[in-house]
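First comes the structure, then the notes that go with it.
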Amino acid sequence: GAVVSQHPSWVICKSGTSVKIECRSLDFQATTMFWYRQFPKQSLMLMATSNEGSKATYEQGVEKDKFLINHASLTLSTLTVTSAHPEDSSFYICSAPVRQGETQYFGPGTRLLVL
Amino acid sequence: QKEVEQNSGPLSVPEGAIASLNCTYSDRGSQSFFWYRQYSGKSPELIMSIYSNGDKEDGRFTAQLNKASQYVSLLIRDSQPSDSATYLCAVWAGGFKTIFGAGTRLFVKA
């Protein structure tokens, strides 16, 4: 199957700083990628849809100025958590489909801890 | 709004038993269906995809689809403690988008 990578796998930062998470499709081109957030023992929550060459689409309740998404190439999407606070501590996961109607391939996730 | 519903569980079965996980979806026009497994602290991984009515078997896993009833299920035969995880049902929502259910937690007791 297709491979999606994320970097970093975990990050600890101080409150008020910004953190960038990268999501790469390693062996396919992804015009669309998805960003999810998951709190402990809770469901996967879709945050936004990242579209190559255009603006991301955010789900209701997700602050687009706080979670900046850039999809500058067909293999890379980045999520920047700006001015992170402890409540942003979570497990962030990206995914990408190879083709419409087919499975999503998930990255391994990035665990963020904001102190 | 398109929805995918799962019983959150936990579903507890003894080792060696059959675990049955169920999912219903709201969009009658859905064409692609997926089951993912997510271990604690890890990201989801695909177990099976199913596109046509009926059963699809892969090893100990069988996916069942009934489009008329808008129902998809996953059976795990000879359940093992290593099968303990959260199982996510997902339905293609058009374009590149997939809608995920909240997941069912499965515990397999040794």
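We name chains A, B, ... by the order of the sequence lines, and we start the count at 1 in each one.
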Salt-bridge contact E22(A)-R24(A) (side-chain N to carboxylate O under 4.0 Å): yes

Donor-acceptor pair between E3(B) and S26(B) side chains, under 3.5 angstrom: no

Salt bridge (charged side-chain N to carboxylate O under 4.0 Å, His left out) evaluation trace for E59(A) with K64(A): CA-CA 9 Å; E59(A) 296 299 303; K64(A) 60 181 179 182; over 6 Å; no

CZ-OG distance between F34(A) and S95(A), expressed to the nearest 0.5 angstrom: 6.0 Å

Structural part of Q6(A) lying under 4.5 Å from a heavy atom of chain B: neither

Engaged part of R99(A) at the chain B interface, taking heavy atoms whose separation is under 4.5 Å: backbone

T24(B) and Q70(B) side chains, donor-acceptor separation under 3.5 Å: no

Which atoms of F33(B) approach chain A - backbone, side chain, both or neither, heavy atom under 4.5 Å: neither

More than 12 heavy atoms of other groups within 6.0 Å of H85(A) NE2: yes

Residues from residues 86-108 of chain B approaching chain A under 4.5 Å (heavy atoms): L88(B), W92(B), G95(B), F96(B), K97(B), T98(B), F100(B), A102(B)

Residue part contacting chain B, namely of T31(A), when any heavy atom lies under 4.5 Å: side chain

Donor on one side chain, acceptor on other, Q31(B) and K67(B), under 3.5 Å: yes

S77(A) and S50(A) side chains, donor-acceptor separation under 3.5 Å: yes

Between Q80(B) and D78(B): side-chain donor-acceptor atoms closer than 3.5 Å: yes

Side chain / backbone / both / neither for E45(B) at chain A, heavy atoms under 4.5 Å: neither

Test applied, side chain to side chain contact (heavy atoms under 4.5 Å, CB included); reference residue, R37(B); option that passes from I76(B), L74(B), I47(B): I47(B)

Proximal component of T32(A), with respect to chain B [non-hydrogen, under 4.5 Å]: side chain

Which of S43(A), P97(A), G101(A), P108(A) touches chain B most, by non-hydrogen pairs under 4.5 Å: G101(A)

Y105(A) versus chain B, the contacting section by heavy-atom distance below 4.5 Å: neither

